[in-house]
Trainee: 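Quick one: the structure is below, and I'll ask about it shortly.
First the proteins, then the strands, lettered A, B, ... as listed; each starts at 1.
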2 protein chains.
Amino acid sequence: MPRTAPDPQPLPMPGDEAIDFGPLAGSLGFLLRLSQLQSFANFFHEMDGFNVRPGEISVLMLMAQNPGVRQGVLARALHIKRAHMTKMIRAMETAGIVTRTVPEDDRRSVELWLTDKGRKRLMAMQQPFLSHETRNTTGLTDAEEAQLKALLRKYIGLDSQGPKES
Amino acid sequence: MPRTAPDPQPLPMPGDEAIDFGPLAGSLGFLLRLSQLQSFANFFHEMDGFNVRPGEISVLMLMAQNPGVRQGVLARALHIKRAHMTKMIRAMETAGIVTRTVPEDDRRSVELWLTDKGRKRLMAMQQPFLSHETRNTTGLTDAEEAQLKALLRKYIGLDSQGPKES
DNA sequence: TATTGTTATACTCTATAACTATA
DNA sequence: TATAGTTATAGAGTATAACAATA
């Protein structure tokens, strides 16, 4: 059976029984965990039919943005273990959406390139992916969502990517 | 070997090679994923020696806050599958930190209660857990962290717990 | 019929170590 | 010696379905 996407899941409990989260509601880790579950549920709902997982689309996007990126650099950037990255890339190679080359200056490493097929697949997915990202399935306003992203970027030290107003 | 906690991992890449995250840096799902990894790394660093996982401490805290909570309610609140919750609770029962009772009004269900041992374990863990949550290992100010939590609570619809100013 | 908890199975992701080939 | 990628293995976490007891 081809993976049925779960319903968008409003996440507030069914009328059943209430529960008191207590100090847990103030735990950043707990909030991040539930938020990621919410976000992934939205992802699978929006990307249903593409048979894609969050990990794959992030790899595709980084390969598109950084042609010839080395496999280990990609793994570190996404916090995917090298052993796992090997399997992911191998599967993509088999699927014909990525090619691997060995550079002259360091013949231990592997450079990754999207094929035309890979680029097409990414182009087809990126639109619903980005729309899923911006469409407010929850109660956040656009400003709140932007602020949330900015805070998360700062939390993980990713502000070097942020827009600058020099 | 007793599980060595990883170093706090500053998360900004080692001086190695830079990578352009492109539109991925604007993806809420991606930011949430990296943020959770960061948060969990902090968790394991801070809780090293307690041999506790994020899932267990959240279960302990909710059982303490909601004595006699039914197992299924707990599972739904934490988005843990019932099958998985069964295994977790069984392990805790074996460890002597939780007892299970069958209520009269619905003999299908199971009510959960922390034992004294469970309460002690939670008390011992809660202090470093909450300090890990508030200690700013990253660049967020206290105000920013509070705002981040508020936005996440709104994102997942958990504001019913929030303070109200009637 | 539906629900609660249980059991069993499988799959994904992760963690670790050992191995090679290069450096 | 150290590093990049690979291979193999084991373990968590998760998803699913089938089942018994109860509603």
Side-chain angles (χ1 to χ4, degrees), chain A residues 1-7 9 14-17 33-34 36-37 40-41 43-44 51-59 68-94 98 100-112, chain B residues 1-7 9 14-17 33-34 36-37 40-41 43-44 51-59 68-94 98 100-112:
Chain A
M1 200 163 288
R3 174 183 311 286
T4 64
D7 266 18
Q9 257 200 348
D16 281 339
E17 298 94 352
R33 192 185 103 89
L34 286 199
Q36 193 191 338
L37 289 178
F40 275 26
F43 175 89
F44 284 117
N51 193 28
V52 67
R53 308 192 135 276
E56 186 197 347
I57 202 168
S58 63
V59 166
V69 64
R70 288 201 286 114
Q71 190 168 311
V73 174
L74 192 58
R76 269 191 298 275
L78 295 173
H79 291 82
I80 297 174
K81 285 283 179 300
R82 285 179 308 163
H84 184 34
M85 182 63 77
T86 294
K87 284 185 280 191
M88 285 185 60
I89 296 300
R90 274 293 162 83
M92 292 182 182
E93 197 180 21
T94 302
V98 63
R100 312 176 332 127
T101 62
V102 173
E104 284 299 321
D105 61 307
D106 187 347
R107 294 171 48 80
R108 297 172 302 179
S109 62
V110 170
E111 294 172 337
L112 303 176
Chain B
M1 203 163 288
R3 175 184 308 288
T4 63
D7 266 18
Q9 257 201 349
D16 280 339
E17 297 92 353
R33 192 183 104 88
L34 286 199
Q36 193 191 336
L37 289 179
F40 274 27
F43 175 89
F44 284 117
N51 193 26
V52 65
R53 310 194 132 274
E56 188 198 346
I57 201 168
S58 64
V59 166
V69 64
R70 289 201 286 111
Q71 190 169 310
V73 173
L74 192 57
R76 270 191 298 275
L78 294 173
H79 293 82
I80 295 175
K81 284 285 180 297
R82 285 178 308 162
H84 184 33
M85 183 61 78
T86 294
K87 284 185 281 188
M88 284 184 62
I89 297 298
R90 275 293 163 84
M92 290 183 182
E93 198 181 18
T94 301
V98 63
R100 311 176 333 128
T101 61
V102 173
E104 285 296 324
D105 61 307
D106 186 348
R107 296 171 47 78
R108 296 170 303 179
S109 62
V110 170
E111 294 172 338
L112 303 177

Trainee: Ignoring hydrogens and geometry, is there a side-chain-to-backbone donor-acceptor pair from B/Arg33 to A/Leu78 under 3.5 Å?
Mentor: yes
Trainee: Provide a list of protein-nucleic acid N or O atom pairs under 3.5 angstrom, restricted to nucleotides 20-23 of chain C.
Mentor:
residue: C/dA23; atom: OP1; partner: A/Arg107; partner atom: N; Å: 2.9

Trainee: Using atom CG of A/Leu112 as one end and atom C1' of D/dG5 as the other, report the distance to the nearest whole Å.
Mentor: 11 Å
Trainee: Contact class for A/Thr86 (heavy atom, under 4.0 Å): base, sugar-phosphate, or nothing?
Mentor: base
Trainee: Identify the heavy atoms of B/Glu56 and B/Met92 that sit nearest to each other, and give their distance.
Mentor: CG-CE, 3.2 Å
Trainee: Students often mix this up, so state it plainly: with edges at 30° and 60°, are the rings of B/Phe44 and B/Phe40 parallel, tilted or perpendicular?
Mentor: perpendicular
Trainee: Please report the distance, rounded to the nearest Å, between NE2 in A/His84 and P in D/dG11.
Mentor: 19 Å
Trainee: Tell me the interatomic distance from B/Lys87, atom NZ, to D/dT14, atom C1', rounded to whole angstroms.
Mentor: 8 Å
Trainee: Given atom CD of B/Gln71 and atom C1' of C/dT6, what is their separation to the nearest angstrom?
Mentor: 9 Å
Trainee: Can you tell me which nucleotide in C/dT6, D/dT16, C/dG5 comes closest to the side chain of B/Arg100?
Mentor: C/dT6
Trainee: A/Arg90 versus A/Arg100: any side-chain heavy-atom pair under 4.5 Å?
Mentor: yes
Trainee: Of the nucleotides C/dT14, D/dG5, C/dG5, which has the atom closest to the A/Arg82 side chain?
Mentor: D/dG5
Trainee: From C/dT4, D/dT16, D/dA12, pick the nucleotide closest to the side chain of B/Lys81?
Mentor: D/dT16
Trainee: Would you kindly give the CD1-to-P distance between A/Ile89 and D/dA4, to the nearest whole Å?
Mentor: 16 Å
Trainee: A/Glu56 has an atom CD; how far is it from atom P of C/dC13, in whole Å?
Mentor: 10 Å
